**Q** 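What follows is a structure written as structure tokens; I'll ask about it next.
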2 protein chains.
Amino acid sequence: MQFADRLKNVETSAIRELFKLLGKPGIISFAGGFPDPTLFDAEGIAMSTAAVLRDTPGPVLQYGATEGYGPLREQLSLFMANKGAQVQPEGLIVTTGSQQALDLIGKTMISPGDKVIVEAPTFLATIQCFRLYGANVIGAPIDADGVLVEPLERLIEEHKPKLVYLIPNFGNPHGAMLSLERRRRILEIAARTGTLVVEDDPYGELYFGQPAPPSLLALSAEVPGSREWLAHCGSMSKILSPGLRVGWLIAQPALLANATMCKQFSDAHTSNLTQATAAHYLTLNRLDGALGQVRKVYAERARVMAERLRAELGDAITFDAPKGGMFFWARLTGGRDAGAFAQRAIEKLVAFVPGAPFFAHDPDLSTLRLSFATADVAKIEEGIARLGQALPQ
Amino acid sequence: MQFADRLKNVETSAIRELFKLLGKPGIISFAGGFPDPTLFDAEGIAMSTAAVLRDTPGPVLQYGATEGYGPLREQLSLFMANKGAQVQPEGLIVTTGSQQALDLIGKTMISPGDKVIVEAPTFLATIQCFRLYGANVIGAPIDADGVLVEPLERLIEEHKPKLVYLIPNFGNPHGAMLSLERRRRILEIAARTGTLVVEDDPYGELYFGQPAPPSLLALSAEVPGSREWLAHCGSMSKILSPGLRVGWLIAQPALLANATMCKQFSDAHTSNLTQATAAHYLTLNRLDGALGQVRKVYAERARVMAERLRAELGDAITFDAPKGGMFFWARLTGGRDAGAFAQRAIEKLVAFVPGAPFFAHDPDLSTLRLSFATADVAKIEEGIARLGQALPQ
């Protein structure tokens, strides 16, 4: 059987091979990208699901609008307003998780051979998603304050990309937080060069101290001409539940209309049951409490991980402790190879993900990603101690 | 903003323009494609949702496997076995409605310029879905017993298509039921020519008298070499609820693995909440009762529609009364134009969909589609009487 040519643009993930080893008994895993399920507000979600099936079974169980379930679009408009971004309900569409928002951007925007700029490193599923539409993906360098503006500007001028994809808040895998000053400059570049910037923000609510700076979307109101060059992807996955598969896409009208048309032929619409559940939940006044708990737990785990990494690995590793999110991004010193280290770590019953697959090209083989979201403090202490034992002498 | 080239392959639907008129007060609509929401087993679904959120909140609310939720894959394996098709749980993946199964087939199989053969007429969203992947869509003629085998065979030999897409049972819009003899011959052609046949079967359970013949999937066990050239799309939408967005795809291992990879970057996975709900519902022994009621109600509506069409429109219209499903496919005689008739019908406050958009090319402008699923018997009687009044004298 001859498959579509676009499949030749993606490889099976190196991470997948590693994940096969994670079933070993007794392993402590920092390798996953999942939130801690014990922090889900299952009780609140069950209340909402019961309420919408009792009160509005017809629309909840019937086909719905491709754009999204009306009450959820209204709630998401309020949610974004609370984060400083004015978006009418008609200015967003609901997607089947924010992964689908990325897919619809790819389907709507990318022709084979088009160039796309991403952070180096960036979310692996974004690289693969865009490559399936034929994108030539180019990485732009970052530091702990996010993407470096001058190199980004040079890459835009050189490559005239179809779009630039950024995760400004505590991204997977880099954990960096784009500074306010860089946010403004990126919006100015987008407006001046007519370059679409896609802001993916699944982690913005998971800050540990001060909230992150306003989103590019919120700031676009202050930078003339930038709003029409900005798309924004949001997600319920890290703030409520990934199992619901509810995300959203905000963009200018023509892009949103084309993305809606693409969605019609992708999955018709997102489940009304999960959309109605999310909409109802947002009226319950439980989200702030649930998020407060998540922030507190993750902040403590991140604090302990930073402390133990410094104690156990010392100058064998460098990192900037993240200000939010779920991930440490670290680099082994002395040219050590993170892939070989991962193998030795597995032997010591602790797992993490080498950083190489998160680069679109020219991977830094000394980098690695550690998630602190699902292991408790005791597991983190034990796991990092094992990591220290896995270091070559 | 410059969008992807693939968008040039689809036009905004002619149907969409017509649907804008459907808001007129007092209109009786046979235009929709929705099932009757009063027949949904909302009570059973609410029981299942409550049970899975109570008993397994962790896996239901967490990220899940791209292939699908384990308990649902097991239930769907049993469901298919009851319909005579032996499929292991690992032999199917769960999709976000069967629309996504079509999308994944397109993404996995179709390169720009590839040819695809469909029934003329066929499901509009399939034509558009495949065109977004660059397909050149070719129609094969049908009658009340489904696609005509000799013309199909000639088209396959002439065009060497990437795949052939068929809705063997009571398809949208044609309502035809592919005969058992034609099913066998099509499987033989698939095996002999090495042509992928995609069987889309959302309506097979909605038969009015005898069940439909075994699916191509079930019959493939009897036709050597045919199973590997067969993909099968199933859906909960017409038998349980479209709002859940639960469908499935069955195919040979290499195709299924590639479709799973494409799904990973399309929406990561289908909602675990709706998957777990569907899985639990299938253990309740309520489906047969609910389906029995749906068949009875739809059969009566179809009977009345056939009778009133003959009485009110006489020899101005020809059709074969469907043996299941939700649609009449009819043809105006004397070269009458169904688009103009639809406009006059709207003035008389009754709506249907002209058939032209359902043809990939060379539309038959005298054809039309009437749904009997959502209007009750009294509405059908009144609506068809209005249709009679809309006939030009």
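Each chain gets a letter, A, B and so on, in the order the sequences are listed, and its residues count up from 1. Just so it is clear, the model here is predicted, and its values are computed rather than measured.
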**Q** Is chain A contacted by the side chain of B:Ser98, its backbone, both, or neither, given a heavy-atom distance below 4.5 Å?
**A**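 Neither part, no heavy atoms under 4.5 Å.
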
**Q** Is B:Phe40 close to chain A through its backbone or its side chain, or both, or neither, when contacts mean heavy atoms under 4.5 Å?
**A** side chain

**Q** Go through the atoms of B:Leu196 and report whether side chain, backbone, both or neither lie under 4.5 Å from a heavy atom of chain A.
**A** side chain

**Q** What closest approach, in Å, do B:Ala276 and B:Val52 show between heavy atoms, and which atom pair accounts for it?
**A** O-CG1, 3.6 Å

**Q** Output all residues satisfying salt bridge (Lys or Arg N to Asp or Glu O under 4.0 Å) with B:Glu228, sequence neighbours left out; order by chain, then residue number.
**A**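 Partners of B:Glu228 under the salt bridge (Lys or Arg N to Asp or Glu O under 4.0 Å) test: none.
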
**Q** I need the full list of side chain to side chain donor-acceptor pair (under 3.5 Å) pairs touching residues 50-65 of chain B, with sequence neighbours left out, sorted by first then second residue.
**A** A:Lys238-B:Tyr63

**Q** Need one label for A:Ala254: side chain, backbone, both or neither, based on atoms under 4.5 Å from any heavy atom in chain B.
**A** both

**Q** Can a donor-acceptor pair be found, under 3.5 Å and without considering hydrogens, that links the side chain of A:Ser111 to the backbone of B:Asp5?
**A** yes

**Q** Just so I know, are the side chains of B:Leu287 and B:Tyr281 near enough to count as touching, which here means a heavy-atom distance under 4.5 Å?
**A** yes

**Q** Sort A:Thr270 into side chain, backbone, both or neither according to what part of it lies under 4.5 angstrom from a heavy atom of chain B.
**A** backbone

**Q** Below 4.5 Å from any heavy atom of chain A, which atoms of B:Thr49 appear? Answer side chain, backbone, both or neither.
**A**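 Just its side chain gets close to chain A.
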
**Q** Quick check on B:Pro59 against chain A: is it the side chain, the backbone, both or neither that has a heavy atom closer than 4.5 Å?
**A** neither

**Q** Grab the two heavy atoms, one from A:Val94 and one from A:Lys263, that are nearest each other, plus how far apart they are.
**A**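 Result for this residue pair: O-CE, 3.3 Å.
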
**Q** What part of B:Tyr69 gets within 4.5 angstrom of chain A, counting heavy atoms only: side chain, backbone, both, or neither?
**A**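 Neither part; nothing is under 4.5 Å.
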
**Q** With a 4.5 angstrom heavy-atom cut-off, is it the side chain or the backbone of B:Ala268 that approaches chain A, or both, or neither?
**A** both

**Q** Between B:Leu132 and chain A, which part of the residue has a heavy atom less than 4.5 Å away: side chain, backbone, both or neither?
**A** side chain

**Q** Is it the side chain or the backbone of B:Lys107 that comes within 4.5 Å of chain A heavy atoms, both, or neither?
**A**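 Both backbone and side chain.
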
**Q** Using a cut-off of under 4.5 Å for heavy-atom pairs, which of A:Ile110, A:Val60, A:Thr95 has the most such pairs with chain B?
**A**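 Ranked by heavy-atom pairs under 4.5 Å with chain B, first place is A:Ile110.
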
**Q** Using side-chain heavy atoms (C-beta onward) and a distance below 4.5 Å, is A:Arg286 in contact with A:Glu43?
**A** yes

